[in-house]
Structures are given as structure tokens and as C-alpha cells.
> 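Shown below is the structure under consideration.
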Amino acid sequence: MTEKQIEIELKMRIDPKHVNRLKQAPVLREVKEGRRLNTTQLVSIYYDTPKLALSRKGLAIRVRKKGSTGWEQTVKASNGLRAALPERQEWTVELENGELDLSKFTDDDVVALLDKLAKNKKINRIFETDLSRSSVDLGYRDAVMELAIDQGVVRAGDRETPISEVELELKEGHPATLFDLALELQRTVPLYLSLRSKASRGRALYFNEQPTFYKAVPVGLHAGMSAEEAFRAVLAQGLTMILGNEVCVRQDLHPEGCHQMRIGMRRLRVAFSLFRHNLPAGEAVLIRRLLKACTKGLDALRDWDVFLDETLPAIEMRFPDHDENGPNAELRKAAEQQREQALKTARAMLESSDYQQLCLLLGAWSSYSRWASGASAAQMRAMSAPIGELAEPLLEKARKRMGKRGSKVTELSIAGLHAWRLDVKQMRYACDFFYEIYSGKSVRKFRNNLAELQDILGQLNDAAVAESRLAVLQSTLSKQGMAGVGRIAGWYGARADYRLQGIANAWKAFDKQKPFWR
């Protein structure tokens, strides 16, 4: 057994009812080359300090029993993250029994790592996984990989959660082959890209953490990055926003999850728009189409969440019903019914082949240079240049596009204001992507003034959205309910008029400042 190796694997969720179909997938029959799937029972015990100090440092320690063949212990250390492709250093040695014995490791690197992070620490059994693994080695194109189908549970104390997933682990070759095979398999059965390891699930179970929404963090760009590295980092963040909030929509846990998932998709649409001249056509166009379609699947759910959680409560506070069957109550009941339909639409989007394909393609694009297939020499030069050389013209272009309509803000129609809001949003996201490579107070001031402008336009858009959603409700409402519609329309109309009065001043304050990139 080789003690040290590098682990690169692609992980996907699969519904247990589709496992047999996966095993019979035509492409799988071809690449197995006559080999059979071998099924083994794996019991893995994970160790850490009571506060999981090792995992916080990127270290995982595991003891595993493999069927009746004996025991082994493994240490895994994060070696960077290619977005959807975790890359880890891994050390494994055999054990005579199931007792953890870190002194068995002899490789200098892991010995030094354990001395630094684990020496003199109290290490306990934290959680375990109990899985049935069906695996087979595959020869796909010029690569060798292992396919593993894992079904079982993660268990921490008296709590447990089911696992059903597919892993493709690269043995030889390029990471591109993992995604190419996954996309082919996806044509046979639904496969959902996953960024969560078994260890991360076990840790969440150990702390009894409940799923919640995920908001964007700084991308982490710096001036030493190439444009390609920066672009891939932006894609990785967007993909994390999408997958990190998916559970909120699937389980209807928190309305902010739908909002943040939608923001993640919109940010990616802006990223592809900003970089479009430096990307070859083809798959980039496909990804933009998929992003647009999947975002649309969340639109109605987000609109009804805003109506029920923000618009209606404001009306109920100012114009309370005199009894439990008043106009506000009727509006809320009708809106909740519409939201149920919107939730079904959003969940259907998550089950769609478009969504599955989108996530895998984003995983591929953020993990390696898949974008470069078909790129021209000029595009390759632009993407290999320092990000600062590309960020400045991209920011400048977004600023000029925003200023074209902004200079005539008082003359814009409702449709014109909506188009300008999209220009402002593109400017906002471009700043969010690139601001870290600049410094100084001007960055913060520019972003704050831009956020104020976006807030005004957002409130005007909320008024337009509320009007369209009220129109949907009208056919189901009584005269009393229609009175409630009138209240909301009047309140939003007054609010919109007030915000319109301030938009010109907000634009002037923004326009007179010097952009931070000049």
C-alpha cells in the first residue's frame, strides 16, 4: 500500500431509486471494459478534538474497516480547492485492529503535520459512516478513474442522516475527464453536483447544525492573479452560492436561501457578460442560457416571498384589519396559495436536466481551464495577463454603460428605469468581483454610493413587482380583497413617487466621484 497520494474526486448526489439505472448506463458499460462492480461494506470512524480543532485546520483523521479484509487509518489534508474538485493529500497505513495509532505513519510530511496540529491534543471518536460501496475502475478516454456508489448513513451519537452519492476519483489523467464522464452519465440518470464531503456532513451532525442560507463572501482576488484565475474564482464563488442555498429551496427552510441562490446565478450571468469578449463562443453561451432559465425558475418564489414577508406586513401595520377575515387576511391567504405554486416551480427547476447540467459545467469551468477550448490567441493572452490589466477596462465599460442612462435619469420611463437598474446591478457586481485588487477609501465610498443608488432602484422595482403580483391575485379576490389591493397600490405609488424624487440627487452624488480604478 502506498502511504501518500493526492486525491482528486468529483462528488454527486443520486436518488437511491436511480442507482440501478446508473449501473446500467450505456457509457458505463463501455468504460468498465468487462470489469464488474465490487460491493464492500465500509465502516469509517472519524476522530477529532471535542471542538473539532483539526478539521478547522483542514485535517481529517479516519479509521476504516473494509468488509472482512481488515482495518486502515487515513489522514487527509486540504491541498487547495479547485471549486468542485477537492484536492487533498492523503496518507493511509494498515492497522491490525480498529484502534487509532498515529505512530504508524512514517512519511515525513504527515509526521510533521501531525506533530504541528495534533500533538498533545485530546482526540476522540466524533462520528462514523456506515456505507455499502459499489466500485469499479474505469478507463475513460486517456484517464483512469474509480467510480464509487455509496449508500448508507452518517451517524453522530443518536443522530444520523442518509447518504446516497456517486464519486469519480481520478487515478491517472486530466480532471476534465471526470466532468466529461459525469455529463454523459447525467443523460441517463439525474446526478447533482455536491460540494459536501462525508466529513462535513458528520461535523454538522455532531454539532446538530441546521441547514441555513449562504451569503457571498469576498472572492479573494489579489493583484498577482491572472485574469483566468480571477474569473475561475468568481465562478467558484457563484457556484458555492447556488449549491449552498439549494437546500433552503428544496426544504423550504428560509426565504433568504432563494434570494441568495438567485443572486448567485445573477452574479454569474454578469461575470460571463463582463468576460464574454475573452471567452470563446459555444459552451459559454450555453452556460449563460442555462443560468437565465434556472434564474427564471426562482423568480416567482422570490417575488411572493417579498410580498408576504415585506410588502404585506408593512400594509398590515399601517392599515390593520378590524377582524380576522379582513382584506389583509384575504390577500395573505391568496398570496400564500400563489407562493405554493411558485415553490413547486422552483423545486421543479432544481430537478431539471438544465440545472444538473449547469452545476456540472460551472464546476468544470471553475476547476480547470475548460474555458480555453476553442479560444483564440488574443483571448488566451488576455486571460493570462494580470487581473488588474483586465479589470480596469471591464469596470470602465460597466461605468460608462451605467452613465449613459444615468445622465437622463429624470427622463426615463418605467421600462427605462428597469433597464438602468440592471446596468447599476452589473456595476455593483463588477465592483464586488474586483474591488479587492484596489485599496483606499475611494473603494468603500464608491461602493457605498452605488449601494444607495441600487437600493432606491430596488424599491422602485419592488413597487412594479408588487403591482404585477397583485394583478395575478385580482381574479380570486372579493370586493373586500380588492380594497386591500387598492391600499397596497396607493401605498406603493406614494412610496415610489417619494423615492423618484431622490434618485436624481443620488445619481449626482455618485457621478461626481472619481472611480477607484482610475
> For His174, check ring-ring contact (aromatic ring centres under 6.0 Å, His included) against everything at least two apart and list the hits.
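Only Tyr368 meet the ring-ring contact (aromatic ring centres under 6.0 Å, His included) criterion with His174.
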> Report yes or no: is the cationic atom of Arg447 (NZ for Lys, CZ for Arg) closer than 6.0 Å to the six-membered ring centre of Tyr435, at no more than 45° off its axis?
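Flagged: Arg447 positioned over aromatic ring of Tyr435.
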> Would Asp180 and Arg141 pass as an ion pair if we require N to O under 4.0 Å?
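Yes, this pair counts.
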> I'd like to check the side-chain hydrogen bond (donor to acceptor under 3.5 Å, both in side chains) partners of Ser134; sequence neighbours left out, ordered by chain and number.
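Partners of Ser134 by the side-chain hydrogen bond (donor to acceptor under 3.5 Å, both in side chains) criterion, ordered by chain and then number, come out as Thr39.
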> Considering only residues two or more places apart or on different chains, which pairs with a residue in residues 253-276 satisfy salt bridge (charged side-chain N to carboxylate O under 4.0 Å, His left out)?
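Applying salt bridge (charged side-chain N to carboxylate O under 4.0 Å, His left out) to every pair that reaches into residues 253-276, excluding sequence neighbours, yields Arg262-Asp299, Arg267-Asp432.
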> Any side-chain heavy atom of Leu279 within less than 4.5 Å of one from Trp365?
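Yes; the side chains approach each other to less than 4.5 Å.
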> Are the charged groups of Arg88 and Glu9 less than 4.0 angstrom apart, N to O?
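Judged by the 4.0 Å cut-off on N to carboxylate O distance, Arg88 and Glu9 do form a salt bridge.
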> Answer yes or no: are there more than 12 heavy-atom neighbours, outside Lys121 itself, under 6.0 Å from its atom NZ?
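Count over threshold, so yes.
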> Taking only residues at least two apart or on different chains, which pairs with a member in residues 17-64 satisfy ring-ring contact (aromatic ring centres under 6.0 Å, His included)?
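Every pair satisfying ring-ring contact (aromatic ring centres under 6.0 Å, His included) with a residue in residues 17-64: Tyr46-Phe127.
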> Of all residues at least two apart in sequence or in a different chain, which pass the side-chain hydrogen bond (donor to acceptor under 3.5 Å, both in side chains) check with Tyr355?
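Result, side-chain hydrogen bond (donor to acceptor under 3.5 Å, both in side chains) vs Tyr355: Glu246.
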> For Tyr429, give me all partners under ring-ring contact (aromatic ring centres under 6.0 Å, His included), at least two apart in sequence or on another chain.
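Listed in chain order: nothing, the list is empty.
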> The criterion is salt bridge (charged side-chain N to carboxylate O under 4.0 Å, His left out); which residues satisfy it with Arg289, sequence neighbours excluded?
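For Arg289, no residue satisfies salt bridge (charged side-chain N to carboxylate O under 4.0 Å, His left out) once neighbours in sequence are set aside.
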> Is there a side-chain contact between Arg64 and Leu42 (heavy atoms, below 4.5 Å)?
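Yes - at least one pair of side-chain heavy atoms lies under 4.5 Å apart.
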> Would you indicate whether Glu209, at its atom CD, is surrounded by more than 12 heavy atoms from other residues, nucleotides or ligands within a distance under 6.0 Å?
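Yes, because the 6.0 Å sphere around CD of Glu209 holds more than 12 heavy atoms from other groups.
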> Going by the rule side-chain hydrogen bond (donor to acceptor under 3.5 Å, both in side chains), which residues pair with Asp252 if we only count those two or more places apart in sequence or in a different chain?
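Asp252: side-chain hydrogen bond (donor to acceptor under 3.5 Å, both in side chains) contacts with Arg339.
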> So, using salt bridge (charged side-chain N to carboxylate O under 4.0 Å, His left out) as the criterion, who are the partners of Glu165 when residues are at least two apart?
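With sequence neighbours excluded, Glu165 shows a salt bridge (charged side-chain N to carboxylate O under 4.0 Å, His left out) to Lys11, Lys198, Arg201, given in chain and number order.
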> Would you please name every residue forming a side-chain hydrogen bond (donor to acceptor under 3.5 Å, both in side chains) with Asp303, sequence neighbours left out?
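Checked Asp303 against side-chain hydrogen bond (donor to acceptor under 3.5 Å, both in side chains); matches are Arg469.
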> Scan side-chain atoms only and decide if Glu228 and Ser369 contain a donor-acceptor pair under the 3.5 Å cut-off.
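Their side chains do contain a donor-acceptor pair, which is all the 3.5 Å distance test asks for.
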> Only distances under 3.5 Å count here; give the side-chain donor-acceptor pairs of residues 185-194 to other protein atoms, sequence neighbours excluded, each with its distance to 0.1 Å.
| unit_1 | atom_1 | unit_2 | atom_2 | d |
| --- | --- | --- | --- | --- |
| Gln186 | OE1 | Gln357 | N | 3.3 |
| Gln186 | NE2 | Leu191 | O | 3.0 |
| Gln186 | NE2 | Gln356 | O | 3.1 |
| Tyr192 | OH | Glu351 | OE1 | 2.6 |
| Ser194 | OG | Arg196 | N | 3.2 |

> What pairs with His254 under ring-ring contact (aromatic ring centres under 6.0 Å, His included), at least two apart in sequence or on another chain?
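By the ring-ring contact (aromatic ring centres under 6.0 Å, His included) rule, His254 matches Phe213.
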